[in-house]
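A quick write-up on the structure given underneath.
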Amino acid sequence: MTTRQGLRVEIATFPMPFRVVFRHATAARAATENVIVRVTDGDGIIGHGEGCPRPYVTGETTASAIGFLRETAPAVGAEVHDLDGLRAWVAANASLIDEHPAAFCALELALLDLFARRAGETVERHLGLPEAVGPFHYSAVLGDGRTAGFTARLLRYRLAGLRHYKLKLSGDLDRDRAKMRWFTGPVGRAVASSVRVDANNLWTTPEEAIDHLRALAVPLLGIEEPLAADDHAGFLAIAEAVDTRVILDESLLRTGQIAGLPGHPDRWILNCRISKSGGLLRSLALIDAAEAAGLGVIVGAHVGETSLLTRAAVAAASAAGPALLAQEGAFGTHLLAEDLTDEPIMFGRGGRLAPARDGGFGPHGLGVAVAASRLQSAESE
């Protein structure tokens, strides 16, 4: 589709299988699920963006995201010509983005990529952020798979020198305790700098969660989403009972929600995922608000993100500064059978990504050279 201003907007997907199936309490995934937007201006400059629709996070599906983009992208392309215009559109259409955050994220990142490339700048410089020099340290993420597969992946992470671990809980106490025993002995304590767990809204009462977490007998950086989303009072009761922090994912999507959190700010950690939040601009605003309120920040990721969202999340992590407690993602072809670029942005030894040392990203925009032939057009779906 081409707007009145000559901006061509193309919608695609990147269906790519994983090297391993990833499971948690809400879903199991064996392939990517995303929407990719490609925008081209009259001078042939191209920008790309990605969103990851998740029904259990924002209520979106790939089909609904494609439908939203078909309906909305032409108007955005006609009205928005630069960064100031994009900021204004985002502010004026907050409720619409709230309903379709992952879909809009793909369009917003594509426009940011385009505008920064047009200006001959990195996306950080274009947004007035510090350049992303790193190093960035990523977490090992362990799904709720079978014990043998869990052990094999854990050992690979340990051999690779990763220090931060996130485990998906099953709710089966024996199974969860067996996995957590890897972190209770001298070797586990020496290998892991921090351990956190994700319950994916497993329990119905604080008491159930408290009993389960106490039985794990491992000091935790935090517990993510233990109860139904937005049960902040219940979350706080759990955090105080087991002396940990609660990581808010689905339960903290907008800056206005921060003021309503009960208890001391030290009990709360924001898990900011770019796609879930409706793009990079809104993610940066959410991180700023969380930091100002005294919350910790994790820059998270959806399973199966490509290098496009990894790159956008690097900008957010750099902006988070000392509030940043952990990062997720940057798996690239550690997880994907193939990324959508020949130079995936992915962590190396020790979970480390060091742009300043390793040559950085491309010098303009998001700096990701997308292989267009790998995209599957959604124009006629």
Side-chain angles (χ1 to χ4, degrees), residues 22-28 56-57 139-151 153-155 157-158 162-252 260-271 290 294-298 300 325-326 328:
F22 189 88
R23 291 182 173 84
H24 57 74
T26 310
Y56 53 89
V57 178
S139 300
V141 180
L142 291 156
D144 179 35
R146 295 179 182 274
T147 302
F150 173 92
T151 304
R153 282 189 288 277
L154 174 62
L155 291 175
Y157 282 137
R158 288 188 167 184
L162 273 74
R163 301 278 296 163
H164 303 277
Y165 288 81
K166 173 178 175 176
L167 282 73
K168 300 282 188 174
L169 296 179
S170 67
D172 181 309
L173 183 56
D174 290 338
R175 191 159 87 196
D176 290 341
R177 289 181 69 177
K179 293 175 180 178
M180 296 300 286
R181 287 192 191 104
W182 284 94
F183 300 95
T184 57
V187 174
R189 289 194 295 270
V191 167
S193 295
S194 68
V195 178
R196 60 191 188 274
V197 293
D198 186 358
N200 288 105
N201 317 106
L202 262 174
W203 297 292
T204 56
T205 69
E207 291 73 22
E208 291 174 316
I210 291 165
D211 289 345
H212 196 97
L213 294 170
R214 283 177 172 166
L216 297 181
V218 174
L220 299 173
L221 173 69
I223 167 72
E224 186 168 331
E225 295 287 338
L227 307 173
D230 301 321
D231 187 355
H232 295 139
F235 291 165
L236 181 61
I238 294 167
E240 292 180 338
V242 299
D243 193 22
T244 189
R245 305 170 81 174
V246 170
I247 303 167
L248 300 169
D249 187 0
E250 297 92 334
S251 298
L252 182 49
L261 294 175
H264 196 278
D266 279 352
R267 288 298 184 191
W268 305 104
I269 299 172
L270 161 68
N271 183 353
L295 278 64
V297 173
I298 293 172
L325 301 177
E328 301 167 8

Query raised in the report: Between Arg158 and Phe183, is NZ or CZ placed under 6.0 angstrom from the six-membered ring centre and within 45° of the ring axis?
Result: yes

Query raised in the report: Going by the salt bridge (Lys or Arg N to Asp or Glu O under 4.0 Å) test, which pairs reach into residues 177-186, not counting sequence neighbours?
Result: Asp144-Lys179

Query raised in the report: If you take all heavy atoms of Asp176 and Gly171, which pair is closest and at what distance?
Result: OD2-N, 3.1 Å

Query raised in the report: Can you name the residues that form a salt bridge (Lys or Arg N to Asp or Glu O under 4.0 Å) with Glu225, not counting sequence neighbours?
Result: none

Report task. Would you mind reporting whether Leu220 and Val197 have side-chain heavy atoms less than 4.5 Å apart? Result -> yes

Query raised in the report: What pairs of residues pass the side-chain hydrogen bond (donor to acceptor under 3.5 Å, both in side chains) test when at least one of them lies in residues 238-247, not counting sequence neighbours?
Result: Asp243-Arg267

Query raised in the report: Can you check whether Asn201 reaches Tyr56 side chain to side chain, under 4.5 Å on heavy atoms?
Result: no

Query raised in the report: Could you give the distance from CG (Leu227) to OG1 (Thr204), rounded to the nearest 0.5 Å?
Result: 8.0 Å

Query raised in the report: Under the ring pair (Phe, Tyr, Trp, His ring centres under 6.0 Å) rule, what pairs show up with a residue in residues 192-226, not counting sequence neighbours?
Result: Trp203-His212

Query - Ala290: side-chain contact (heavy atoms from CB on, under 4.5 Å) partners, not counting sequence neighbours - result: Ile258, Leu270, Leu295, Val297

**Report entry** Identified side-chain contact (heavy atoms from CB on, under 4.5 Å) counterpart of Val242 within the set Asp211, Leu213, Leu216
**Finding:** Leu213

Query - Pairs where residues 200-210 contributes a residue and the test salt bridge (Lys or Arg N to Asp or Glu O under 4.0 Å) is met, not counting sequence neighbours - result: none

Requested in this report: Write down the atom of Ile210, the atom of Ala241, and the distance for their closest heavy-atom approach.
Outcome: CD1-CB, 3.5 Å

Query raised in the report: Nearest 0.5 Å, what's the OG-CZ distance between Ser170 and Arg175?
Result: 4.0 Å

